[in-house]
Structures are given as structure tokens and as C-alpha cells.
Amino acid sequence: MSSTAMAGGLGLLLFLAVTAPFCFGANVTYDHRALVIDGKRRVLVSGSIHYPRSTPDMWRDLIQKSKDGGLDVIETYVFWNLHEPVRGQYDFEGRKDLVKFVKLVKEAGLLVHLRIGPYVCAEWNYGGFPLWLHFIPGIVLRTDNEPFKAEMKRFTAKIVDMMKQENLYASQGGPIILSQIENEYGNIDSAYGNSAKTYINWAAAMATSLDTGVPWVMCQQSDAPNPIINTCNGFYCDQFTPNSNNKPKMWTENWSGWFSSFGDPLPYRPVEDLAFSVARFYQLGGTFQNYYMYHGGTNFGRSTGGPFITTSYDYDAPIDEYGLLRQPKWGHLKDVHKAIKLCEEAMVATDPKTTSLGSNLEATVYKTGSGKCAAFLANVGTQSDATVKFNGNSYNLPAWSVSILPDCKNVVLNTAKINSVSTITKFVRQPSKDDTTATDAFVSGWSWINEPVGISSESAFTKPGLLEQINTTADQSDYLWYSLSIEMKGDEPFLEDGSQTVLHVDSLGHVLYAFINGKLAGSGKGGSSNSKVSIDVPISLQPGKNKIDLLSLTVGLANYGAFFDMRGAGVTGPVQLKSSKNGSTIDLSSQQWTYQTTFDAPSGSSPLALDFTGLGKGQAWINGQSIGRYWPTNVAGNSGCTGSCNYRGSYSSSKCLKNCGKPSQQLYHVPRSWLNPSGNILVLFEEMGGNPTQLSFATRETQSICSRISESHPLPVDMWTSDDETRKTAGPTLSLACPLANQVISQIKFSSFGTPRGTCGSFSHGRCSSKMAHSVVEKACIGSRSCSIGVSVSTFGDPCAGITKSLAVEASCT
Ligand code: GAL
């Protein structure tokens, strides 16, 4: 059997003209329409991949998948605290190998937007600032402050020099066409008073003086001075205009989903809405758009910010945390990119002209003197589909959608009509090699060390009063003990019969355990919206010596907001013993565990996750590499989730939520490259106590592939043609493809041509369905990696004349 089968419809695939490859050694400038590369305006599609959020062995594949998805540019931040953990000591090894990452992007023929910051936000610890900055005498971060500016300039220049030495700027033949200085300072600059403006002007001049040969941008900075381009970040940027007529309309962060926090449900963003936002941006004059994130990845080690950001930074991005395509998100956006590229020539040649076609209905035309014409038709209403007349033809526009017409006549794509395949993925628990259950791999050989409660090390010191945690630990660890011994004479009111003593503790966060005389008495935790912790725990004290031990934990340092660096953490008080008489005192203690064992790596090459069911909260290392903080006992609240999410209407990070009532994160990514075939060592630092024998590995697998295409869908974007004759014989086409090259479609789980109901995984037959559907689909697809089927009555017969019918298929691959 051939690898692609075709049934019905048009047997001929017409391929798109491939855009000229980027020629390196380019001169990059800009004008009011676009970035201009070697004298040519470009319509560019970009996506963020942060190199330390995956492993170097994943990079090539992630970049290739980005290219296949239609990206021209990879955008990454540079993470100062990774590269300069100690002032003056740089580290660019392994996951921190920025030069290697940029070179891999170049090898793939893509371009780079290097967002140096060096403040980056990014849900990254301390917004990317190294903690040592905080301890420089007289320093105030992100303002007109000499000690800060000196450090910022030194690091920015260091990165620029490194890139120059490797010839990585476009002006030198490299892939870097753009750089960013600062990050969204305009969102919070009013808190810094008049110094804000001085600082931004300084940052602009400093960046420009580094002479990279390519333009600089500032995002969310409406007063960015020339020649810096001010760009937009947000869920929508179609209404954005740059601060000068000489600057192009650019979107540096189109949030493809949203980040997740321990204790919260998981946000997701429907692709119909994301595609709508993208098409609207290009419709209204935009020429550079970046997905934040295209691959989110994993916050390994203690790299999360927030606080409370989860270890997973999946972001509901087109490529998932594990490096697999998220479908139909990736595929539909790929189609959107192709559709937009079909309009590029007209778009760069002229300014758009927008007219109203009725309430909430807009047509935008890019028409050149030489007869090139591309159009975008939008229905920005959230309720009703509409039929519009444009250039004498009639078009159906679903609510909250954009149709793209590369020839001002025929629709190549509508953002609400998905031609791409969908997949349902699942995690499959892995049995170990020589045992019947996965747990056995972990049951044997655990050893643990019980950490003593309270102060046990010689590095302890005594000071009057309560100390702020970050100043005390310099973030070298998540943990700080606050311990106090108090003497009870025996006649205090606390100890009187029937008197109830309550220990009250106020902490800036993020998690707190209270121990009385070595026993856990109570605990509390903050959350993503308020990191502070306040506890009132009933305790009993005894005559004589009593020990109060408070263990305070951070879960990533703040990364956003004015003066986020000064927010602090830990038990800053008051700490009080409350009863009939009020006293106040301090102390702390806790119980923690270290577990260790050896195990064999699960076979195969599918991405791996460790399921932390049974454990409490802590940190985990595999063969010495930190896979991050785990916290499966932090369960998302029960409210805010809906069974499905209506993509129509403005999206916000709390609009579409899932996973309510479940652990915010139970599965933790273990990169394959960190595992040996056997003899792997897993070390857990468990704070709460838990049962490691329930730990298991799971692999990410595809459960089903699906598609649902109606007779009113545009042709697949790859079949685009303006030619009327060819269009007559072609029609909407359902295409399926297995995700892996060595897979074939092995089973058709569902197929219906007529009025099928439901979504992928839960399709059912509607009132009308063709009897031939199953056999046609089986014949076209079984045994092939991919197949295409014409969605028309000529393939299936007509089960209900006069009604717009759809073909829905669910299949499995093996
Ligand atoms: C932006 C910021 C990014 C990231 C994003 C949310 O404000 O520039 O770094 O934090 O929000 O994911």
C-alpha cells in the first residue's frame, strides 16, 4: 500500500510556491509596513521556544517542527540568572548553550529574534535576574540607577559580543534579525516616577550603541524612542498601532494559551480563537507575529517564578511540553500561515484598506497597482454567522472568524473551519522490564534519610527578630527554618487547665509548616493570586522547655510587577502565641525525607513522564539532573472549569479552564537524554512524607486521530488554486495522518457522513448518515500512514438532500 491513499475528490495535489529561503548575510531594516530584509519587506511568522525549557537533544526536532508548522522565526529570551549564577562567572553549557541553539535555528534555515531583556518576566525565577543583583549596595532594579544600569549594560553587551563573535547577526551572515531590550516596562513604569523615562531612553541608547546591525524592539512600551520599534503583547493585537508612521506593526507575544500554577486549574486556548487573532492581525496591517509559546516546555530545577508556577510550562502551545504536535492546534495554524503567505506579495506591496460590510463585518483589501489582490473578510460578532456580499460574490462567515482570499475571490481558509487532523493523547503507565507492575521498579531498594526537625546544622546563626527569607537564603534553597526555644515556668495562662493556646504565624509566603516540640502542629500555603500565608494552629505547650520550629518554603520567586524584586518571602511575622494572655514568639521545625533507589529506563523512544501519585511535595533528581519541584497534593479548586469552551468572543486566561478538582500537576517530564538504559538513580526530597512505591513512569502516546469536515469547508490549503476549472472538480477533503513515520492507520473507530454529532473521541451518528461511510473510509485509510477522502455526495451518496453534510472520522494508528 502506498503511504498516502486518496479516495474521491481530486486526485491531484497542487503544491504551494515555496517562499524564497532566507539568504544569510542580510541587511535588516524596517519601514512603516514591515521588516525589510535585503531590501524586501517580509510578512513573518514567529514562535517562542525557550532553550532551557527543553534539552539540547530535543532542540533540532522542536525547530524542525516549527519550520514544518510554517514559522520563519524562532524567538527566545536570554536568561541572565542561568548564564551568570555568580557575578562574573558565566555558564553556557548544556541546556544553557545559547550559541548552539541559535546555530541550530540557522541550520534549519530559520531566523531568530533574540530577546535579551535582560529582565524577561517569563514565569521565570525573579524574572531572570540573578539574585546577587539584589545585594549590590545602592542598587534599584529597572530604573535610572547607576549600579543597575552598569550591570544591565555589562550583561547585554556580553551577549551581543558573544553573538557577534560567532557571526550570528544577520548583518554578519547569521540568523538574528531582531533583538529586544527590556520587557513590558511600559506596563508598570508609572510606579518608577520620572526616572522611568530616563531609564527607557538610556536602555534604548545603550542597546543601539551595541551596534548589532539589526533593529531593536521594546514590547509594551508606547514611548519607545527611535530607532526602537515598540511592539504589542496580548491575546489580540489587531487594534495596535506603533508610535511612529515609520515603524511596522509587530506582535511579539500572542499568548497561544497560558501558564499554569500549583493550586489552579489548567488554562487552554481554543485554536479557532487563536487563529482568529492571528488572521485579524495580518488583516489589519500587521506583518510580524510571534506565538508565546510555540513550545512551552518544562521548568526544570528551581527555575519557575510566579510564585507557584508549575514545573510544566506546557502553555497549551502548538508543540506540547513533551515535544509532540498538539493537534489540531499545530495543523490549523500551519494552514493559517500558508494562507497568509499566499497573500504576502500583495500585503507587502501596499497598505490595507478596510470597509464595513455590515455590523461586525469587515472587509480588508490589499490591492496593488500591478493587479495583485488579497482580501480578508471578518465577522467579529460573537453570536451569529453571516452571509456577506463582497466584489459581487457571496460568502458565509461564521461568528468570530476570518476568511482569507489570496485572489480577492476564492476562500483559501476560514479560521473557524479546521481542515487539520486532531489527536487525542494519553499517558500509558509503563511496566518495568522484569516485573509485572511499574511500581515494582521503585518498590525495591528505597532508602531514606529522615531529616531532623529544626536546626541541625552548624551553619545556624542567631539574630534578634524575624528575618525576611530571600535576604537570608539568597535563594540558594527553597527552605528556611525559624526556630525558637521558650521556657514555660508552669504558671503561664497557656498552661492553665482548659486554656487553649493558638500559635499564630504571618508569613509573606509561600508555604509554611509549624512544629511544636518536634511534632507537626499545622501548615498553610499561599496561592498564585496571594502568596501570603497566615496560620492559627491550636497547640499544647508543656512546663519547661518548648521548641517552636517554623519551616518556610518558597515556590519560585516573583517575576512580574513594579518592584517585584522587593516583594520578599518568609516569616516576617507577627508570630504569636494566643490565649487569654497574648504573647509573641517565633520558631520552626519540620519533617522531610530523602529517598533514593535505582531503576531501569522504560524501553522505546516515546516521551516519558514520571507520575508522582502518592508523594506530597518536594524536588526530584534523575541521575543528578533536577526535573523540578513536584507537588501532586496541591489540587486545583472546583470552580471555573467548563465541559467545553466557546471560542467565540474575547479570550482571557480564565475563560477556558480544565482539570478542576485534580492535582495541578501530577506528571513530570523526564527527558529521555537524562536516562541510562539501566541503573538510573532517582533522588526525592520529600517535605510532607509520602509513599514512593506508587511512583510510576508513563509514556505519551496517541490514542486516536480524528477529523470532521463539512461540505462547506474550504479545500485543504495545499490544494489552493485560483483556477475555476480545477476548483470545480475539487472539493472539501478530509485528511488523516498518523503522527509517527512508522505508523499506519489500523482501525476506523468511527465514521459518519451526514449529520454526525459530538467531538473527537465522542462522535455519534446524527439523524442522517450514509451507509457507505465506513467501507469507503476503511478502504481509503486502513494500512496507510495518511489518507484523503473527498467530502461529497459523489463519494458517499446523499443520505439527506438539501442539508449541509459532514464527514467525521475517528481512527487509531499502530
Ligand atoms: C508577558 C511577559 C512574558 C510572560 C507572559 C505570560 O507579560 O512579557 O514574559 O510572562 O506575560 O506568560
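Note that ligands are numbered from 1 as they come in the structure, with each ligand's atoms numbered from 1 the same way.
- Counted by atom type alone, Asn659 and Ser664 present zero donor-acceptor pairs between their side chains at under 3.5 Å.
- Less than 4.0 angstrom separates some heavy atom of Phe259 from each of these atoms of ligand 1: 6 (C), 12 (O).
- Applying the 4.0 Å criterion to heavy atoms of Val120 picks out, from ligand 1, the atoms 9 (O).
- The residue from Arg115, Glu253, Gln180 that puts a heavy atom closest to atom 2 (C) of ligand 1 is Glu253.
- Side-chain atoms of Thr298 and His669 form a donor-acceptor pair, as typed in the model, at a separation below 3.5 Å.
- By the 3.5 Å distance cut-off applied to N or O atoms, Asn559 is not counted among the residues near ligand 1.
- Applying the 4.0 Å criterion to heavy atoms of Trp258 picks out, from ligand 1, the atoms 6 (C).
- When only modelled atom types and interatomic distance are considered, Gln289 and Asn254 share a side-chain donor-acceptor pair under 3.5 Å.
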Determine all donor-acceptor pairs shorter than 3.5 Å in which one atom belongs to a side chain in residues 121-130; sequence neighbours excluded.
{"unit_1": "Glu123", "atom_1": "OE1", "unit_2": "Tyr313", "atom_2": "OH", "d": "2.4"}
{"unit_1": "Trp124", "atom_1": "NE1", "unit_2": "Asn81", "atom_2": "OD1", "d": "2.9"}
{"unit_1": "Asn125", "atom_1": "OD1", "unit_2": "Leu557", "atom_2": "N", "d": "2.7"}
{"unit_1": "Asn125", "atom_1": "ND2", "unit_2": "Asp475", "atom_2": "OD2", "d": "2.8"}
{"unit_1": "Tyr126", "atom_1": "OH", "unit_2": "His134", "atom_2": "ND1", "d": "3.4"}
{"unit_1": "Tyr126", "atom_1": "OH", "unit_2": "Asp565", "atom_2": "O", "d": "3.0"}

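- Just one residue in the list Phe235, Tyr315, Tyr236, Tyr651 forms a ring pair (Phe, Tyr, Trp, His ring centres under 6.0 Å) with Trp255, and that residue is Phe235.
- In terms of N/O distances under 3.5 Å, ligand 1 is not approached by Cys121.
- Taking only non-hydrogen atoms, the option from Glu184, Gln220, Glu123 nearest to atom 7 (O) of ligand 1 is Glu184.
- Proximity to Tyr292 (heavy-atom distance under 4.0 Å) selects the following atoms of ligand 1: 3 (C), 4 (C), 9 (O), 12 (O).
- Side-chain contact check for Asn471 and Gln469: no donor-acceptor pair (N or O, by modelled atom type) lies under 3.5 Å.
- Considering only non-hydrogen atoms, atom 12 (O) of ligand 1 lies nearest to Tyr315 out of Tyr77, Tyr119, Tyr313, Tyr315.
- Listed by chain and residue number, Trp330 satisfy the side chain to side chain donor-acceptor pair (under 3.5 Å) test with Tyr294 (two or more places apart in sequence, or in another chain).
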